[in-house]
2 protein chains.
Amino acid sequence: MTTIREIAELCGVSVATVSRVFNRPLTVSREKREVVERVARELDYRPNESARALASRRSGLIGLVWDTDHRRPGWRHPYLQELLIGLKTALSAHGYHLLMLATSGSAALRAVGASLADPVAYVNMTRRHHLGGLVLIDSGKDGPAFTAFAQSGLPCVAVDVVVSGDRATYVTSDNVGGAREAVRHLVEAGHRRIATITGPPANSPAADRLAGFRTAMAEAGLDVPDDHVVTGDFHRGSGQDAMRRLIALPSPPTAVFCASDEMAVGALLAARHAGLRVPDDVALVGFDDIELAALVDPPLTTLAQDKAGIGAAAAHAILTMVHNGQTPPPAVLPTRLIPRASSRARR
Amino acid sequence: MTTIREIAELCGVSVATVSRVFNRPLTVSREKREVVERVARELDYRPNESARALASRRSGLIGLVWDTDHRRPGWRHPYLQELLIGLKTALSAHGYHLLMLATSGSAALRAVGASLADPVAYVNMTRRHHLGGLVLIDSGKDGPAFTAFAQSGLPCVAVDVVVSGDRATYVTSDNVGGAREAVRHLVEAGHRRIATITGPPANSPAADRLAGFRTAMAEAGLDVPDDHVVTGDFHRGSGQDAMRRLIALPSPPTAVFCASDEMAVGALLAARHAGLRVPDDVALVGFDDIELAALVDPPLTTLAQDKAGIGAAAAHAILTMVHNGQTPPPAVLPTRLIPRASSRARR
DNA sequence: CTGAAAGCGCTTACAG
DNA sequence: CTGAAAGCGCTTACAG
């Protein structure tokens, strides 16, 4: 590989000038700049990124924390692939690469004496590699670790976890708004006894969806008996279990808002099993708009999250911090109601 | 951050000795080693990776080329998330991070004068960042670029693309074997007129699945008329189109082997549309075992690929090259027949 | 086993 | 606008 020194010698300038041509071209006279650029092109010069990072303490890399431990089902969420793509694409467009950090169970972590979801390990990796900052994707129960990392002062943006700190922000969907829209949609379809299957209480989107549900029910003047709120874990099995309990109620709901499509699919199976017709006996609305939602029978009404948009928003947030030193406010992306047969209006 | 120098001073040894303690501990006397280790721990020392990479020309990073250009549908394949997880997990376990390289349409690429899927760009990135090597995932038509990169002499392992070169190898499923098993399964179920819907001819797994199909048909003494081989593109729509053509044939097949589950789902829709019952009027077998396969009605018989296993095999192959300097032979992972209702034996 | 020294390839005040 | 120089923090022959 050609180095800055060879170019400098060939052009009869100092290495400092060559360096400036690549980093702050406007501080170099036009003649010298053009010579350097031409020679660099001819020699197919590529800056050595390790050397740049060492000297400048900046790396052109953004770190990604996405714990894929096999004991945790969270990472399998189909949502994440599109989010990752949105993130990577937006970073790429600005010339940044995405470093997927070794996480739990890894030798790298053990070497630094760290355990699962250890914020200290994140800080170390960020420093060691001179990362511009970190994007944190929650695959289940990383919330507390993320919150702790956000205090470190290193730039970070969390997805679906509320964090605060000088250089910390987060990106999420408008979960409250989406849940309200779900309820309004069901009310318009003629429902009054509407139940909900929630996500894990400690999960922020889950909590927001429940809050939105309650708000909208209150706005509609509808009551929410305690047994009409059943806690799930976002996954299919829990939706199925929850639905069975709702069906068994003395006065079962005529509609159920599920905080995820996976749970709604589970609820659908439970309803079918119990001999109930959807939507005639019980209407269902999910959340996420995963591919499966459109493919089940009947197709599932849901609130679409802008998955790629969330990834892109995370990218923009972290780049804003890296470039401007400014911490952008949390980004809350709108959801979109996708009406399908599972909540068709009652005749 | 503490540096090697501070530790050296505190311990009364040279920086060379400190460096050795971390890199080749056995070349240092036990007393000195223990002192250095203790002090390092007390000071929470972390080596600066940029400096290490610059001095040693090695980085502890493996690059990943996975083109996610939005014009290309390939990256959406549900297969890829599990593959990525398998890859990352195995690398993590050995202390390596995974660098997702900025690809097409990115400023980074334009800056180096490169275009979509440019092997030269890959070489540059590998050198600039001192990457141990590259893992190449094909999202559609990167085959030629991967083949070219493999000639560069830099360590690389391609997924589902046959490459050759001093330091190049690949990982793939046993596509020939899987296709043969599919055919044998259908033959056992009583079928004689078996058609196939293939993937893109230039795609190596697609070609292998077709070859396996033809071999097994020949072994069973069955004829394959030209119009019983229809070309698709792995995606759902093409499966649907292809199935329509098969149904319209004067003597339509009683069973169809589809080279991907997505196409099999398309074929299922086409069959249903035409009023045909699956499996009674026409049996279907797919390939991949994506989640959807088990969820359609009837559930789809398919050949499962070991997605995470492929990712892990890719990780091991690249690490073998990085550590031992040896180039492992191509890894061909077995597939597994998952019999479901779509190919139930005829009564 | 250990240290002094050179070197990895770049950036960045500083002085002019 | 430009150059000389120091420095980023580590690794690695080399000599002992």
Side-chain angles (χ1 to χ4, degrees), chain A residues 1-37 39-40 43-61 111-112 124-132 322, chain B residues 1-37 39-40 43-61 111-112 124-132 322:
Chain A
M1 302 272 285
T2 353
T3 71
I4 219 180
R5 242 190 79 202
E6 304 176 42
I7 297 181
E9 282 167 9
L10 250 52
C11 297
V13 301
S14 71
V15 295
T17 298
V18 177
S19 173
R20 287 190 194 103
V21 167
F22 296 117
N23 295 306
R24 326 160 143 275
L26 298 181
T27 68
V28 179
S29 71
R30 199 156 64 89
E31 306 98 273
K32 304 220 185 215
R33 198 194 324 145
E34 285 173 353
V35 179
V36 169
E37 281 169 347
V39 172
L43 270 56
D44 195 36
Y45 167 73
R46 310 290 169 199
N48 179 316
E49 297 296 341
S50 303
R52 294 188 75 183
L54 177 60
S56 69
R57 300 147 173 293
R58 285 182 265 102
S59 78
L61 305 184
V112 299
N124 285 332
M125 296 195 203
T126 306
R127 294 240 166 84
R128 288 169 63 145
H129 290 277
H130 298 297
L131 304 180
V322 171
Chain B
M1 303 273 284
T2 355
T3 70
I4 218 180
R5 243 191 78 203
E6 303 176 43
I7 296 181
E9 282 167 8
L10 250 52
C11 297
V13 301
S14 71
V15 295
T17 297
V18 178
S19 173
R20 286 191 194 102
V21 168
F22 296 117
N23 295 306
R24 326 161 142 276
L26 298 181
T27 68
V28 178
S29 70
R30 198 156 65 90
E31 306 97 275
K32 303 222 186 215
R33 198 192 327 144
E34 284 173 354
V35 180
V36 169
E37 281 170 347
V39 172
L43 268 55
D44 195 37
Y45 167 73
R46 309 291 170 198
N48 179 316
E49 297 296 341
S50 303
R52 295 189 75 183
L54 177 60
S56 69
R57 299 146 175 293
R58 285 182 266 101
S59 77
L61 305 183
V112 297
N124 285 331
M125 295 193 202
T126 306
R127 294 240 166 83
R128 289 168 63 146
H129 290 278
H130 297 296
L131 304 180
V322 170

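Every chain is numbered from 1, with letters handed out A, B, ... down the list of sequences. Predicted model, so just to flag it, every value in this text is computed and none were measured.
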Legend entry - Results of salt bridge (charged side-chain N to carboxylate O under 4.0 Å, His left out) for A/R24 - residues two or more places apart only: none
Inset, instruction - For nucleotides D/dG16 and D/dT12, find the distance between their C1' atoms and express it as a whole number of Å. - result: 16 Å
Inset, instruction - May I ask you to evaluate whether B/K32 reaches the phosphate of C/dT2, defined as a side-chain N or O under 4.0 Å from OP1 or OP2? - result: yes
Legend entry - Contact state string [nucleotides 6-16 of chain D, B base, S sugar-phosphate only, - no protein heavy atom under 4.0 Å]: -BBBBBBB---
Legend entry - Sequence-distant partners of B/E6, side-chain contact (heavy atoms from CB on, under 4.5 Å), two or more places apart: B/T2, B/T3
Inset, instruction - Measure the distance from CD on B/E31 to P on C/dC1 and round it to the nearest whole Å. - result: 11 Å
Inset, instruction - Check side chain to side chain donor-acceptor pair (under 3.5 Å) between A/S14 and all other residues, then give those that pass, not counting sequence neighbours. - result: A/T17
Inset, instruction - Tell me, please, which residues at least two apart from B/S56 pass side chain to side chain donor-acceptor pair (under 3.5 Å). - result: none
Would you give me the side-chain donor-acceptor pairs under 3.5 Å for residues 29-36 of chain A, sequence neighbours excluded?
| from | atom 1 | to | atom 2 | distance (Å) |
| --- | --- | --- | --- | --- |
| A/R30 | NH1 | A/E34 | OE2 | 3.2 |
| A/R33 | NE | A/P25 | O | 3.3 |

Inset, instruction - Anything below 3.5 Å on both distances counts as a pair; with that, list the stems of at least three consecutive Watson-Crick or G-U pairs involving DNA chain D. - result: C:1-3 with D:14-16, C:5-12 with D:5-12, C:14-16 with D:1-3
Inset, instruction - Could you pull out all residues at least two apart from B/A40 that satisfy side-chain contact (heavy atoms from CB on, under 4.5 Å)? - result: B/I7, B/F22, B/Y45
Legend entry - With sequence neighbours excluded, residues passing side chain to side chain donor-acceptor pair (under 3.5 Å) with B/R5: B/E9
Inset, instruction - Provide the closest heavy-atom pair for A/C11 versus A/V39 in the form atom of the first, atom of the second, distance. - result: SG-CG2, 3.5 Å
